[in-house]
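Values below: every heavy atom of this structure, side chains too, minus hydrogens, waters and symmetry copies. Just so it is clear: chains get the letters A, B, ... in the order the sequence lines come, proteins before strands, and each one is counted from 1.
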There are 4 protein chains.
Amino acid sequence: MARRAAEKLRRNQPHQARSRATVEVILDATVRIFEGEGADAATTSRIAEVAGVSVGTLYQYFGNRDAILDALQDREFERAASLMQRTLANPDGASDRAIARAVVEGLFRLYRAAPALHRVLAVDGLRVTPAERVQAFDARIVGAIKTFLAHAKPRIRRSDLDAAAFVVYQSVRAAMLAYLIEQPPGVSEAALVDELTDLVVRYLSE
Amino acid sequence: MARRAAEKLRRNQPHQARSRATVEVILDATVRIFEGEGADAATTSRIAEVAGVSVGTLYQYFGNRDAILDALQDREFERAASLMQRTLANPDGASDRAIARAVVEGLFRLYRAAPALHRVLAVDGLRVTPAERVQAFDARIVGAIKTFLAHAKPRIRRSDLDAAAFVVYQSVRAAMLAYLIEQPPGVSEAALVDELTDLVVRYLSE
Amino acid sequence: MARRAAEKLRRNQPHQARSRATVEVILDATVRIFEGEGADAATTSRIAEVAGVSVGTLYQYFGNRDAILDALQDREFERAASLMQRTLANPDGASDRAIARAVVEGLFRLYRAAPALHRVLAVDGLRVTPAERVQAFDARIVGAIKTFLAHAKPRIRRSDLDAAAFVVYQSVRAAMLAYLIEQPPGVSEAALVDELTDLVVRYLSE
Amino acid sequence: MARRAAEKLRRNQPHQARSRATVEVILDATVRIFEGEGADAATTSRIAEVAGVSVGTLYQYFGNRDAILDALQDREFERAASLMQRTLANPDGASDRAIARAVVEGLFRLYRAAPALHRVLAVDGLRVTPAERVQAFDARIVGAIKTFLAHAKPRIRRSDLDAAAFVVYQSVRAAMLAYLIEQPPGVSEAALVDELTDLVVRYLSE
DNA sequence: AATGAATGAGAATTCATTCAT
DNA sequence: AATGAATGAATTCTCATTCAT
């Protein structure tokens, strides 16, 4: 494992660019299969086929099938985390509600772009023994929220910031995912965003 | 042909006590495997083994592997739904907060008894095409909440009851599940219940 | 001891009748399944179900699944053989052609009543190692034909009676079976009977 | 979904020499098992084992077990059809009897090379619902015979050519098969060929 | 590096047969 | 005798992974 990682780093520049491209092609193919054919269809052969490479090549870049999901998780986590951090940074004095709405809308856009993928990632996160990666990511998000809450003006009234951040993050995420997949009749996208924004604001504000 | 296929999914519906017991033994074995060995370990042979019956017997009661999950889902759904309905019935004039806390605590007990099972069921609910059963259950729960909200004294201030009920249910469920599986450091059970109760009450009351 | 045996014999009569009836019920159920659902559907459970008895009872009368087929074969063989012998006996001086036609028509009626059954029996007869029963039956039929040919007036011109009888029997049987199952367009039942009669007569007469 | 199912049955059609060779190895192994161990012994694992490949490889070339039989059928059909067409072409003015004998002898050689295989194929042809392939083949053979009969000099006296061709083909085929498998005592190969030739000639000529 | 044929462990499912009641 | 629940060996098929070219 360590050897593989070290060897990888030694590779040269042009190769790295091409490698990077192949990796992306494979990840994109996987996402496309998730969305179009369902998670069960994402076999290594099918991924390779859709990506336009051979299985052998696929294994050149990913030690095993799970590594593809891991990479996908990393990529999506990165997007979510950077979105959160950017939004929560609160550039100019936006109102609490405006910030909350921005976060909710941003996450919603992210999830809606690939609901099946996020479903799989959520499921993965629900493993009996969650990968450290998942816990690390959650901790990072929760940390960002916590920091935000901590630095917020006296408006935040929560005392247990850990619990509050955890509750807010999981609640919003799950409601969105369930909405995108179940498509419950009688609830519009706009209504969902409104309600979630309100949920967060009321929960956090004093 | 179609007749046979349909018949297959039904199988002997057990009316004898013996049969009922065997069904329970199989369901319990499945839950035990989920909790102890993870969902992937729940193969038909392993379930039969743990249940102390033969594969043949297993298939005498369940037309195929998925039928076991379906039965488990039915069982758990029934428990959750009856809990909700019982609690929301609001026997004597309990306060909103008291009712909310009762629901949260009840669900929490239910999930804590078999987190991995509920994870699987949630995952099942996150299928790209959720079974009608799942949607029916969600609709039932959301309906119960909606009815409660509709009949609540003027204290409820939500206008979009559909969206509100959906948001409340999914949020609470997901946060609990994530908590039970990730076991985030720094958040106690009591704190979680407190926070979720508060989340619900603040979201709904005015 | 003697008393018990005597008692047994006294009870036997009605029991034997009942046993005989059960056996028939099982055989008939099997034929019905062959014709209506196909040979693959004829599992022991399905046979018992259609016969209205339990599997246990089925095994009371037939040592194993193949024994059912054997009995069916015996029954059908008996019908075919008695038909042949009756017809070939040539009561009054019927013409060769009339006799041939009678045999062809008799067999055709027999096969048409249960084509799928006769297909299975034929297939069984085509086993790499045919059961002695099959060879015995074929020998019996061929023997009957041979005897008939031998005693025919000078009209029969075949020298190798064994080969001739074998050829006649197999040819007629197979053509009929293929006809009943393939239902070739452009060939009517009447035409088939005519042609087969002519085939036989021309082959045998001088 | 349907797309995937369709794709399954096709699989990699082998164009490389290597692939072609593997396909042949598998088909030959199947025939060998039929002849030596009986049709029931031809499980996918046993075929793979005798072929000296893994089950996985077998499924790389044949979408399912039946596809192997189909391929075998195609191969044998091709041989039989080309034999018939070649022989019936009647190059120079061979006599009717000579042509008939050539056909009978040719078919006999074909069947004798793998009687159990041809038994299975005949059985397959006797399916309650024969595959279109079987009907197509039979139609092709019967068509070739019919064409031959139609173009024969005034010697052919049959009026219903469809029925005649059908009767001739099925009769000869079945008698041969029964002979090869039952090995009836008292009938030599030479006698069988003689008798069948005579059967055909007498039936058709006038 | 890339390829894709080959591998084989493992999963779901069926069904003839047994045996306690 | 009759019942039918229970058995488990056997079968088909899948798919992650390897490795010779």
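For B:Glu37 (side chain) and B:Ala42 (main-chain N/O), no donor-acceptor pair under 3.5 Å exists by modelled atom type.
With sequence neighbours left out, D:Ser54 forms a side chain to side chain contact (heavy atoms under 4.5 Å, CB included) with D:Thr57. Residues that satisfy the side chain to side chain contact (heavy atoms under 4.5 Å, CB included) test with B:Thr43, not counting sequence neighbours, are B:Ser45, B:Arg46. Under the side chain to side chain donor-acceptor pair (under 3.5 Å) criterion, A:Arg75 pairs with A:Glu24, A:Asp28, not counting sequence neighbours. With sequence neighbours left out, the ring pair (Phe, Tyr, Trp, His ring centres under 6.0 Å) criterion links D:Phe77 to D:Phe137. Scanning for side chain to side chain contact (heavy atoms under 4.5 Å, CB included) contacts around A:Ala71 gives A:Leu27, A:Phe62, with sequence neighbours left out. Qualifying side chain to side chain donor-acceptor pair (under 3.5 Å) partners for C:Asn64, counting only residues two or more places apart in sequence or in other chains: none. When the side chain to side chain contact (heavy atoms under 4.5 Å, CB included) test is applied to B:Ala51, the partners found at least two apart in sequence or on another chain are B:Val25, B:Ile26, B:Ala29, B:Val53.
Secondary-structure stems of DNA chain E, taken as three or more successive Watson-Crick or G-U wobble pairs (i with j, i+1 with j-1) under a 3.5 Å distance threshold, comprise E:2-21 with F:2-21.
When the side-chain nitrogen and oxygen atoms of B:Ser54 are compared with OP1 and OP2 of F:dT7, one or more of them lie within a distance under 4.0 Å. When the side-chain nitrogen and oxygen atoms of D:Tyr61 are compared with OP1 and OP2 of E:dA5, none of them lie within a distance under 4.0 Å. The side chain of A:Thr57 contributes an N or O atom lying less than 4.0 Å from OP1 or OP2 of E:dT3.
We find that CD of C:Glu49 is positioned 13 Å from P of E:dC15, with the value rounded to whole Å. Atoms CZ (A:Phe62) and P (E:dA2) sit 13 Å apart, rounded to a whole Å. With rounding to whole Å, A:Leu58 atom CG is found 15 Å from F:dC15 atom P. Rounded to an integer number of Å, the gap from CD of B:Gln60 to C1' of F:dA5 is 6 Å. Rounded to whole angstrom, the span from the CG atom of D:Asp40 across to the C1' atom of F:dA9 amounts to 15 Å.
Minimum heavy-atom separation, B:Leu72 to B:Leu121: O-CD1, 4.3 Å.
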Task: nucleotides 16-21 of chain F: protein proximity per nucleotide (B base, S sugar-phosphate only, - neither; heavy atom, under 4.0 Å) - done: BBB---
